[in-house]
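Data first, discussion second: the structure below is written as structure tokens.
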Number of protein chains: 2
Amino acid sequence: MSAAEVPARRQTRQRTAVLALLDELDGFRTAQELHALLRERGDGVGLATVYRALQALVDDGLVDVLRSEVGEAAYRRCSPVHHHHLVCRSCGRTVEVADPPVERWAARVAAEHGFADVQHQLEVFGTCAACAAARR
Amino acid sequence: MSAAEVPARRQTRQRTAVLALLDELDGFRTAQELHALLRERGDGVGLATVYRALQALVDDGLVDVLRSEVGEAAYRRCSPVHHHHLVCRSCGRTVEVADPPVERWAARVAAEHGFADVQHQLEVFGTCAACAAARR
DNA sequence: AACCGTGTGAGAATGGTTCTCATGCCCAGG
DNA sequence: CCTGGGCATGAGAACCATTCTCACACGGTT
């Protein structure tokens, strides 16, 4: 009956480093990028460990994942409440945005078509002001 | 001045077969699935060719792509007008739905944060009535 | 301080997608 | 109807992100 048994998550240097790095970055980053950054700054962490740490963080709801257009997974430290993202496709900077209307819309449309157990994903991509200015 | 030069798309048995197969399926399918289906029915088509045909169809706007949670690309024959999808995560059946409000919302939110050149992606996942009934 | 079990890491394995390149076939021109 | 140029095809190799393997390290508790 235990809905969410705490999996006895152990606190290690590596996991701390991954979370700390995500905390200071404000955009979505791939596991490979994070691994390279950690390596550069001397915090040697194995690639497999980075993947494991990220998965644990996602499971704990501390990090959001999304798939880039080429299919790579990108991770970002996020607030635990439901939200969507406004992502700069050039620099990766991300803004969390809420949209109550779409929540109701999704539920209604799903119900109309007999769908249950509904989830939705909504992301907005664009070019942020800084990148747009830099480009011209 | 030619905005959309026709890239001299050649009509071959293979491309015809891929498009015909997509026409008779009503859910998102991976390239691997489509390749296997074509092979089963005797229309031998190389895997690389399936990928190339699908990419061409996507470029022409005849087919939509989305990434599954494990990162695989899934393809579906779609109407050329902008729309979103309501997808059964069990059987893959898909319904196209329009949502004018979210279009305006996305544009407004992007503008508020100084983002330009905006695109958005919105997909709704659930369990369709048939699958929900079959499961219990 | 000792122990148990989870975490780590290097490299191998996996699997989807793309690339290579020799050959095939669509189709416009003669 | 025949021919030629060039895009299309396909088998397999290459690529690359992610996961797995397994021996060893170390966190946390007794």
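The figures here come from the full heavy-atom set of this structure, side chains too, leaving out hydrogens, waters and symmetry mates. Below, chain A is the first sequence line, B the second, and so on; all start at residue 1.
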Worksheet item: Do B:H85 and B:F28 have ring centres separated by under 6.0 Å?
Response: yes
Fill in: Whole-Å distance separating the CD atom of A:E72 from the P atom of C:dG16
17 Å
Worksheet item: So, is A:Q11 close to the C:dG7 phosphate, meaning a side-chain N or O under 4.0 Å from OP1 or OP2?
Response: no
Worksheet item: Under 4.0 Å between a side-chain N/O of B:T49 and OP1 or OP2 of D:dA8, yes or no?
Response: no
Worksheet item: So does A:D23 pair up with A:R77, basic N to acidic O under 4.0 Å?
Response: yes
Worksheet entry | Proximal nucleotide (of C:dT17, C:dT18, D:dT18) relative to the A:A73 side chain | D:dT18
Worksheet item: When you check the phosphate oxygens OP1 and OP2 of C:dT18, does a side-chain N or O of B:Y51 lie under 4.0 Å from one of them?
Response: no
Item to complete: Apply the test side chain to side chain contact (heavy atoms under 4.5 Å, CB included) to residues A:V118 and B:F125: give CA-CA distance (whole Å), side-chain angles for both, the deciding distance (0.1 Å), then the verdict.
Response: CA-CA 6 Å; A:V118 182; B:F125 298 92; over 6 Å; no
Item to complete: Nearest whole angstrom, please: distance from the C1' of C:dC3 to the CZ of A:R10.
Response: 12 Å
Item to complete: Give the rounded distance in Å between these two atoms: CD of B:E69 and C1' of C:dG16.
Response: 17 Å
Worksheet item: Relative to the ring of A:H82, is the ring of A:H120 parallel (under 30°), tilted (30 to 60°) or perpendicular (over 60°)?
Response: perpendicular
Practice prompt. Evaluate the salt bridge (charged side-chain N to carboxylate O under 4.0 Å, His left out) criterion for residues A:D117 and B:R89: first the C-alpha distance (whole Å), next the side-chain angles of each, then the deciding distance (0.1 Å), finally the verdict.
Written response: CA-CA 10 Å; A:D117 193 20; B:R89 67 168 70 84; 3.3 Å; yes
Fill in: Separation of atom CG in A:L47 from atom P in D:dT18, rounded to whole Å
9 Å
Worksheet item: Does any donor-acceptor pair link the side chain of B:R52 with the base of D:dG10 at a separation under 3.5 Å?
Response: yes
Worksheet entry | Those residues of residues 12-34 of chain A lying under 4.0 Å from DNA chain C by at least one heavy atom | A:T12, A:R13, A:Q14, A:R15
Discussion item. Expressed as a whole number of angstroms, how long is the span from A:D43:CG to C:dG9:C1'?
Written reply: 15 Å
Worksheet item: Under 4.0 angstrom, heavy atoms only, what part of the nucleic acid is A:V70 near: base, sugar-phosphate, or nothing?
Response: nothing
Practice prompt. Would you kindly give the CZ-to-P distance between B:R9 and D:dT9, to the nearest whole Å?
Written response: 11 Å
Discussion item. Any base atoms under 4.0 Å from A:G44, or only sugar-phosphate, or nothing? Heavy atoms, all strands.
Written reply: sugar-phosphate
In residues 32-39 of chain B, what donor-acceptor pairs under 3.5 Å come from side-chain atoms, sequence neighbours left out?
unit_1 : atom_1 : unit_2 : atom_2 : d
B:Q32  : NE2    : B:Y51  : OH     : 3.2
B:E33  : OE1    : B:T30  : N      : 3.0
B:H35  : NE2    : B:V45  : O      : 3.1

Worksheet item: Honestly curious: do A:L66 and A:L22 fall in one hydrophobic cluster under the side-chain, below-4.5 Å linking rule?
Response: no
Worksheet item: Which whole-number value in Å describes the distance from A:Y75 OH to D:dA17 P?
Response: 12 Å
Item to complete: Send over the distance from A:H35 NE2 to D:dC16 P, rounded to a whole Å.
Response: 16 Å
